[in-house]
J.: 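This is the structure, below, for whatever I ask next.
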Amino acid sequence: MLLLKDLETLEATVWQELERCVRDKTHGWRTGVLATTDGEAGEARTIVLRDVHAYERALVLFTDQRSPKVAQMSAHPRGTLVLWSAALGWQLRLRVLLQVETAGLAVSSAWARLKMTPAAQDYMSPLAPGTEITHPAPERGSREFFALVTAQVQAIDWLELRAGGHRRALFDGKTRRWLQP
Ligand SMILES: Cc1cc2nc3c(=O)[nH]c(=O)nc-3n(C[C@H](O)[C@H](O)[C@H](O)COP(=O)(O)O)c2cc1C
């Protein structure tokens, strides 16, 4: 009984930390590695967590709609997001269902906030990400290719590293279990 209550508290704490990491640029979980597949091989890249909706168990990412990961996520929406915080000693492996949006209210309101900042240029290059170029200097573009990605969290594999003994737990939305690390 006590163990179950601990797991409940732990899951709530994990979501609080996720909400905190989007506001705190020094939080280790703000940047993570998103793994997807193109159907043949796995692909992985660093991304920034832009927003967290704990109640809906959803995370929000931004990307360029022409980037290869967008085609991968559209064809194969299951992915894994790996986060590590050295300060907490906590790793999260989040099984996620990825949905890309390029239009609609969520996209336009995120873009309205972003377009006033220098980071807007990340989504305005005239050439698609990954295009081979002759000079490394980025060209500036005038139209945006902004996309918002919602990662619906299906399961959280939590791992705590500590000198006294590691701990691991699984939260899949229905059950909470301790696992052997
Ligand atoms: C610290 C860091 C943060 C990044 N954040 C993002 C991000 O939020 N969104 C994004 O699309 N790419 C981000 N990138 C770039 C990606 O890691 C990747 O190089 C790029 O998106 C192309 O990936 P793809 O070929 O798999 O589409 C980031 C890279 C670094 C090093």
J.: Do L59 and V22 come close enough that some side-chain heavy atom pair is under 4.5 Å?
T.: no

J.: Which residues pass the salt bridge (charged side-chain N to carboxylate O under 4.0 Å, His left out) test with E17, not counting sequence neighbours?
T.: R20

J.: Rounded to the nearest 0.5 Å, what's the gap from CD on E144 to CG on D122? Could you check?
T.: 13.5 Å

J.: Does any non-hydrogen side-chain atom of T80 lie less than 4.5 Å from one of L94?
T.: no

J.: If we only count heavy atoms from C-beta on, is the E101 to T150 side-chain gap below 4.5 Å?
T.: yes

J.: Does some side-chain heavy atom of L92 sit less than 4.5 Å from a side-chain heavy atom of L81?
T.: no

J.: Under a 4.5 Å cut-off applied to non-hydrogen side-chain atoms, are V82 and Q91 in contact?
T.: yes

J.: Is there a continuous path of hydrophobic side-chain contacts, each under 4.5 Å between heavy atoms, that joins L88 to F171?
T.: yes

J.: Looking just at side-chain N and O atoms, do Q72 and T36 make a donor-acceptor pair shorter than 3.5 Å?
T.: yes

J.: With rounding to the nearest 0.5 angstrom, report the CD to CZ distance, E8 to R176.
T.: 4.5 Å

J.: Going from NE2 on H166 to CD on Q180, what distance comes out if it is rounded to the nearest 0.5 angstrom?
T.: 10.5 Å

J.: How would you list all residue pairs meeting ring pair (Phe, Tyr, Trp, His ring centres under 6.0 Å) that involve residues 59-96, not counting sequence neighbours?
T.: F62-F146, W90-W158

J.: When you group the ILVMFWY residues by side-chain heavy-atom contacts below 4.5 Å and let the links chain together, are Y123 and V100 in the same group?
T.: no

J.: Considering residues at least two apart in sequence or located in another chain, which fulfil the side chain to side chain contact (heavy atoms under 4.5 Å, CB included) criterion with P129?
T.: D64, R66, S67

J.: Using a 4.5 Å cut-off on heavy atoms from C-beta on, say whether the side chain of V14 contacts that of I156.
T.: yes

J.: Identify the heavy atoms of A169 and L10 that sit nearest to each other, and give their distance.
T.: CB-CD2, 4.2 Å

J.: Can you get from L148 to M73 by hopping between Ile, Leu, Val, Met, Phe, Trp and Tyr side chains that sit under 4.5 Å apart?
T.: no

J.: Between T131 and L127 (side chain of the first, backbone of the second, donor and acceptor by atom type, cut-off under 3.5 Å), is there such a pair?
T.: no

J.: According to ring pair (Phe, Tyr, Trp, His ring centres under 6.0 Å), does anything in residues 9-39 pair up with another residue at least two apart or in another chain? List the pairs.
T.: H27-W29

J.: Indicate, with yes or no, if V107 and V60 share a hydrophobic cluster defined by side-chain heavy-atom contacts under 4.5 Å among Ile, Leu, Val, Met, Phe, Trp and Tyr.
T.: yes

J.: For E56, check side chain to side chain contact (heavy atoms under 4.5 Å, CB included) against everything at least two apart and list the hits.
T.: H53, A58

J.: Indicate yes or no: at least one non-hydrogen side-chain atom of L161 is less than 4.5 angstrom from one of L159.
T.: yes

J.: Minimum heavy-atom separation for T9 to T13, with atom names?
T.: O-OG1, 2.7 Å

J.: Does the side-chain contact (heavy atoms from CB on, under 4.5 Å) test come out yes or no for V149 and V70, once each step is laid out?
T.: CA-CA 9 Å; V149 180; V70 166; 5.5 Å; no

J.: Hey, could you give me the SG/CZ distance between C21 and R50, rounded to the nearest 0.5 Å?
T.: 11.5 Å

J.: Under the 3.5 angstrom rule, does the side chain of R45 hit a backbone N or O of L34 as a donor-acceptor pair?
T.: yes

J.: For R78, what residues pass the side chain to side chain contact (heavy atoms under 4.5 Å, CB included) criterion, not counting sequence neighbours?
T.: L97, Q154

J.: Report yes or no: is the cationic atom of R57 (NZ for Lys, CZ for Arg) closer than 6.0 Å to the six-membered ring centre of Y55, at no more than 45° off its axis?
T.: no

J.: Could you see if V153 belongs to whatever hydrophobic cluster contains I47? Use Ile, Leu, Val, Met, Phe, Trp, Tyr and a side-chain cutoff under 4.5 Å.
T.: yes

J.: Once you round to the nearest 0.5 Å, how far does CD of Q65 lie from OG1 of T102?
T.: 5.0 Å

J.: Between T175 and D172, is there a side-chain donor-acceptor contact under 3.5 Å, judged purely by atom types and distance?
T.: yes

J.: Do side-chain atoms of R23 reach the backbone of E19 as a donor and acceptor pair under 3.5 angstrom?
T.: yes

J.: Test salt bridge (Lys or Arg N to Asp or Glu O under 4.0 Å) on D157 and R168 and set out the steps.
T.: CA-CA 7 Å; D157 184 333; R168 183 176 172 190; 2.6 Å; yes

J.: Drop me the distance from E11's CD to L170's CG, to the nearest 0.5 angstrom.
T.: 9.5 Å

J.: Does any part of the side chain of R143, heavy atoms only, come nearer than 4.5 Å to the side chain of M124, both counted from C-beta?
T.: no

J.: V96 and Q152: side-chain contact (heavy atoms from CB on, under 4.5 Å), yes or no, with the steps?
T.: CA-CA 5 Å; V96 291; Q152 188 67 51; over 6 Å; no

